[in-house]
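Here the structure is laid out as structure tokens; the discussion comes afterwards.
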Protein chains: 2
Amino acid sequence: MLEMQIGVIEVPTRKTLLVQKIEEQILSGKLRVGDPLPSERQLQEETHISKTVIHAALVELEQKGFLEITPRRGAIVANYTESGTMETLNARIRLNGGNMTKKQSHSFMEARIAIEGAALRRLAERHTDEDLAYLEAIIDQADALLEQKEPDAAALSEVLFRYHRGICLRSGNEFFPLLLNEFRPIIMEFWLRSIAVFGAASNVHLAKRYLELIRAGDAEGAFHRLERSVNEYLSCLDEQ
Amino acid sequence: MLEMQIGVIEVPTRKTLLVQKIEEQILSGKLRVGDPLPSERQLQEETHISKTVIHAALVELEQKGFLEITPRRGAIVANYTESGTMETLNARIRLNGGNMTKKQSHSFMEARIAIEGAALRRLAERHTDEDLAYLEAIIDQADALLEQKEPDAAALSEVLFRYHRGICLRSGNEFFPLLLNEFRPIIMEFWLRSIAVFGAASNVHLAKRYLELIRAGDAEGAFHRLERSVNEYLSCLDEQ
DNA sequence: TCCAACATTTGGTCCGACCAAAGGACGGGC
DNA sequence: GCCCGTCCTTTGGTCGGACCAAATGTTGGA
């Protein structure tokens, strides 16, 4: 029997649509940095959306770093290269179809080495059996996925994300796992590609390798292993 | 004449108060991860605040990573160690009177070394005259503040933040300055303390020292200078 | 020419009502 | 006894109108 797959149909709210519309205008260059936005009442008239929702959308865009709102003066397009946060970057990548530029990819990998590398080092130097058990449990989940004849790449990406966030979590640094959460959509995309390029088994094997190096207390070894795999990925990316 | 300083009196909105109240309940443990919140209408009845405002508050808490809202089902307390971002942490610190725990301070400094250290290294290895001029211009602003007999600590903190973000910006990595923006409130608090402890002049002098090391192309020197100043600050903190 | 008084516009906040969808309760058909 | 529509209740999302205080623009008199 032929099974039809439609999947979940998400109904976007008006607020979401308005946010995306304005993001688009800004990122496409139709609205430039410093340009003033129409007043909330003008937007209300244009879009036939209530002022309450308009206001909520503008506040969300401000939190994302796209706008600069001054009470009783209006909103202007913010210099999002300066005031932006990771959410701004996520929105930029999402509007680009989920694809990063090469420079962004290199920046991302550099940031990954800086953060996860520091976590790896620290965890190798100082860890408990509980830390190791925590990571092993996640590895087991990855192994379970590998046993299927057609491993689910999305599910495996999720597990790999949790594994590497686990490294940050168990490093004892309270900031590192939160930073990884900020990167989440970008990291998930990265793992999907990595699985597509190097295969599912290879990625899980690498994860196990980190665990061995941590258990052995080899901080420098773990760090260099990360550097090496990053460079492999980047050189593979540059070839395309 | 004796000048009395009162400062700006901010009138908190109902929305703000409600957000803080719920944050408090969550962080104090009265509301645990997975617990359902009362419906918006129940909250309306309890608090005598209109549903629009209630709704806006809940959405803000969702963006901060404290809640998980499902349309037509309700809101539950999110696992903020899983879904939390830097904003969650900022909220936690703010509710603690703006004071970080010692562990948080150490985590922060470690993260700073990881990120800003990488930026310093890269900028020292590869920079243009324009990069140097950019940073010099910010240093000049700091010097201008120093010339006043009673330097404004808040203004100087702002300049120091822009300076160090400038280092990340000019490093060429697109992620680093965004990460610093996420840290912003924490970093500002840090500079205020650093100025209080070591003095304004000392902090500006240190900033100039980084510039010299960058100009000389001394990547390792710049990195170790950062490590050293971080350790000085931390040991000073531990004494208290 | 200057400046004080007034009018307009702005974002921020609040209200009470309505909407569509999800879940539960009910009941008829097998 | 079990299944599956049908109805009702509850839910978050939206709406349009209202008011506020501050910033800006305009006017008119000295």
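By convention in this document, chain letters (A, B, ...) are assigned in the order of the sequence lines, proteins followed by strands, and residues within each chain are numbered from 1.
- Aromatic ring orientation, Y210(B) versus H164(B): perpendicular (interplanar angle above 60°, classes split at 30° and 60°).
- The nearest heavy atom of DNA chain D to I49(A) and to L58(B) marks one nucleotide each, and the one closer to the 5' end goes with L58(B).
- For the OP1/OP2 pair of dT11(D) and a distance below 4.0 Å, the side-chain nitrogens and oxygens of R41(B) include no atom meeting the criterion.
- A donor atom on one side chain and an acceptor atom on the other are not found under 3.5 Å apart for N173(B) and R122(B).
- When the nucleotides dT10(C), dA22(C), dG16(D) are ranked by their closest atom to the side chain of T52(A), dG16(D) comes out on top.
- Salt bridge status for E158(A) with R184(A): present, with a side-chain N to carboxylate O gap under 4.0 Å.
- An OP1 or OP2 oxygen of dT11(D) is reached within less than 4.0 angstrom by a side-chain nitrogen or oxygen of S39(B).
- The nucleotide whose nearest atom lies closest to any side-chain atom of K15(A) is, among dG12(C), dT14(D), dA21(C), dT14(D).
- Of the residues near DNA chain D, A75(B) and R72(A), the one whose nearest nucleotide (by heavy atom distance) lies more toward the 5' end is A75(B).
- Residue R14(B) has a polar side-chain atom (N or O) positioned under 4.0 Å from OP1 or OP2 of dC14(C).
- Checking dA21(C), dT13(C), dG16(C) against every side-chain atom of H55(A), the shortest atom distance belongs to dT13(C).
- Set against dG12(D), dG11(C), dC15(C), the side chain of I69(A) has dG11(C) as its closest nucleotide.
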